[in-house]
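Data first, discussion second: the structure below is written as structure tokens.
Heavy-atom basis, side chains included; hydrogens, waters and symmetry copies ignored. Whatever order the structure lists them in is the order used to number ligands and atoms, beginning at 1.
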Amino acid sequence: MSADALLPLLKSTFGFDAFRGRQAEVVARVMAGERTLAVMPTGAGKSLTYQLPAVALDGCVVVVSPLIALMHDQLRGARAAGIRAASLTSVDADWADTRQAYRDGQLDLLYIAPERATGEGFRALMEARTPALFAIDEAHCVSEWGHDFRPDYRLLRPLLDAFPAVPRLALTATADKHTREDILVQLGIPAEGLVLAGFDRPNIRYRVTPRISPAKQLTDFIVANPGPGIVYCPTRDGTERMAAKLAAATGRSVAAYHAGLDPERRAKVQHDFVASEDGIVTATVAFGMGIDKPDVRFVAHAGLPKSIESYYQETGRAGRDGDPAEALMLWGAEDFARARMRLGELPEARIAGERARLNALSALVETVECRRALLLRHFGETPPERCGNCDNCLDPPSQVDATVLAQKLLSAVYRTGQSYGAGHVEAVLTGRNDERIAQRGHDKLSVFGIVAGEEARLIKPLVRTLVAREALETTEHGGLMFGPAGRAVMKGEIAVLMAEPPVKRTQRASRGDGAAANPVGDPLFDALRTMRRELAAEAGVPPYVIFHDAVLRAMASDRPATRAELGTIPGVGAKKLEAWGDAFLNVIRQF
Ligand code: ADP
Ligand code: ZN
């Protein structure tokens, strides 16, 4: 059966007119009973590839999923689309009912945690009625190569093998080549069963800019982005301080989240965020895992992320609904300095790998080329040279050849004894009349006053660049000293090209126009949002479960007058039309 035959069901159940990316291929394989590993980035729409078969196939689709919070989110979404779905987890009270419903063939979709799926009781349930499909979510957990190995996942194999005729579908968003091959072996999926979707998230606009005054930069950014968002901060204290500053400066609701808060507080912050249409969370990287909120409009990093992989995963939480979203990273030389200092504390075997991670990050923050192209190449793709939706594509920075200036700067660091900070070195280079300089005799050095005028403004950004490239390091006391690449740069053996410093660009660039696609302030759109909020509260679900923003936007611009017209809007399936269609039509009629 080709996936096209399911298009009517795709429309009537989920309200979608077409498959996205490689969904059609995965669904076709599932319908044909073939074993499959689908590797698709977050937001690509993995769940649809088993939820649609759950409706189309006779029998129940069993989904193994490691995170209870995520399961319950999915459950709500599935039920809102009219799918008969249930879960068997430690927090479900209706086990007996669920098992009975399964035995009676009354379920389309059953979610279960891996540790339960491998138990005797569950095996007996599966024997009582053969499932239509085993879907294994977060399948990278089965591999020791993955970043999240869970021994429970290894015990799934006997269950799968006990039902050789039942197709299996493994799904993951994060698996490099090594991990992918391991998943295939561990779960008994043939190599031709791999469906690998592109990693590109074209609706996310990437911006990376030096951190000059973070609270101000983030405030401007948030003001330009009225939707929900996450601001990642490097420390627990940092999340709390930033929350207070941003709340005061923007007047929006901002909550801090980190592992040091008590569990109830954390659960509340997370719950409120998922339910909100404009909430902001300042968080450590502890936040985000297991949150399935499709309408996050921005993700900001107040400091350097740990690696390109974590940056991609964290920014990937924005714009899962496909609407425009923004990712902003603020970085500073001290981020690199600190990270490089920590290298010394690592076991020998890990140093090379960590250094490579940092070098990849320094290439990302420093490039004057397309950020997306760099990211995608990192994941082994061959993207076009320009994406048209990152800071460097939208507002190409010019490049400055700072090779000679770098030589002068390093000489000054060298001659002053490799212990002074950037401010002092700058003062020496520009020949400032300063007591401290005279006292130390630095005005007698050959490097005193050798940088003039225009070039002086490049000194600070160049320090950042040289730290990121390991030509400079910082001392314990914040002074500058040579790094491994320092000598070669000072001798002029390595060319130093850098982006023109973004003095004027930051203000302009942070006035985002990408994510604010919603006509907030349009009376009809606002009234539709109010209705959505009321219905969501009534149904006890987050607003996006009712309809995504894009659906409300289409309602506001198309102004459908009848159920039939409303039903043509993408995202409006039969079940939702019946449940909520009239409520929205009534709102539209009043305008
Ligand atoms: P993943 O699990 O891969 O991260 P989800 O399954 O949560 O992604 O889907 C992300 C979003 O994309 C959801 O809001 C979903 O409704 C939407 N989506 C999925 N498939 C389609 C499609 N064919 N057309 C339009 N939107 C889709
Ligand atoms: Zn680009």
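- With salt bridges taken as basic N to acidic carboxylate O contacts below 4.0 Å, none links E277 and R297.
- At the top of the distance list for atom 17 (C) of ligand 1, counting protein heavy atoms only, stands R20 NH2, 3.8 Å.
- The neighbour count for K575 NZ, taken as heavy atoms of other residues, nucleotides or ligands under 6.0 Å away, is above 12.
- Neither the backbone nor the side chain of P570 comes within 4.0 Å of ligand 1, counting heavy atoms alone.
- The aromatic ring centres of F287 and F273 sit less than 6.0 Å apart.
- Among all protein heavy atoms, the one lying closest to atom 9 (O) of ligand 1 is G45 CA, 3.4 Å.
- Looking only at heavy atoms of the protein, atom 23 (N) of ligand 1 is closest to A18 O, 2.9 Å.
- The nearest protein atom to atom 6 (O) of ligand 1, hydrogens excluded, is given as S47 OG, 2.4 Å; this is a heavy-atom distance.
- Of the possible donor and acceptor atoms, one in the side chain of R371 sits under 3.5 Å from a partner among the backbone N and O of V208.
- Protein N, O or S atom count below 2.8 Å of the Zn ion (ligand 2): the structure gives 4.
- The minimum heavy-atom distance linking L585 with P560 is given by the pair CD2-O, 3.5 Å.
- The distance criterion of under 3.5 Å between nitrogen or oxygen atoms is not met by F16 with respect to ligand 1.
- Every atom of ligand 1 is numbered from 1 in the order shown, and the set under 4.0 Å from a heavy atom of H548 is 14 (O).
- The pair E326-R207 counts as a salt bridge, with a side-chain nitrogen and a carboxylate oxygen less than 4.0 angstrom apart.
- Where the criterion is an N or O separation shorter than 3.5 Å, residue side chain and backbone included, F19 fails it with respect to ligand 1.
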Requested in this report: Verify salt bridge (charged side-chain N to carboxylate O under 4.0 Å, His left out) between R211 and D335, making sure each step is shown before the conclusion.
Outcome: CA-CA 10 Å; R211 184 171 59 238; D335 299 344; 2.9 Å; yes

Under 3.5 Å, which donor-acceptor pairs do the side chains of residues 109-116 form with other protein atoms, sequence neighbours left out?
| residue | atom | partner | partner atom | Å |
| --- | --- | --- | --- | --- |
| Y111 | OH | Q51 | NE2 | 3.3 |
| Y111 | OH | Q74 | OE1 | 2.9 |

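- In this structure, CZ in R201 is found 12.0 Å from CG in L375, a value given to the nearest 0.5 Å.
- Salt bridge annotation for R22-E25: present, with a cationic side-chain nitrogen under 4.0 angstrom from a carboxylate oxygen.
- The protein atom (non-hydrogen) at minimum distance from atom 19 (C) of ligand 1 is Q23 NE2, 3.6 Å.
- Here M40 has no heavy atoms under 4.0 Å from ligand 1, in either its backbone or its side chain.
- Atom CD of E578 is surrounded by 12 or fewer heavy atoms from other residues, nucleotides or ligands within 6.0 Å.
- For Q74, no nitrogen or oxygen atom sits less than 3.5 Å from a nitrogen or oxygen atom of ligand 1, counting backbone and side chain alike.
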Report task. Take H378 and L364 through the side-chain contact (heavy atoms from CB on, under 4.5 Å) test and state the conclusion after the steps. Result -> CA-CA 10 Å; H378 182 88; L364 171 68; over 6 Å; no

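- Distances between N or O atoms of R320 and those of ligand 1 include at least one value under 3.5 Å.
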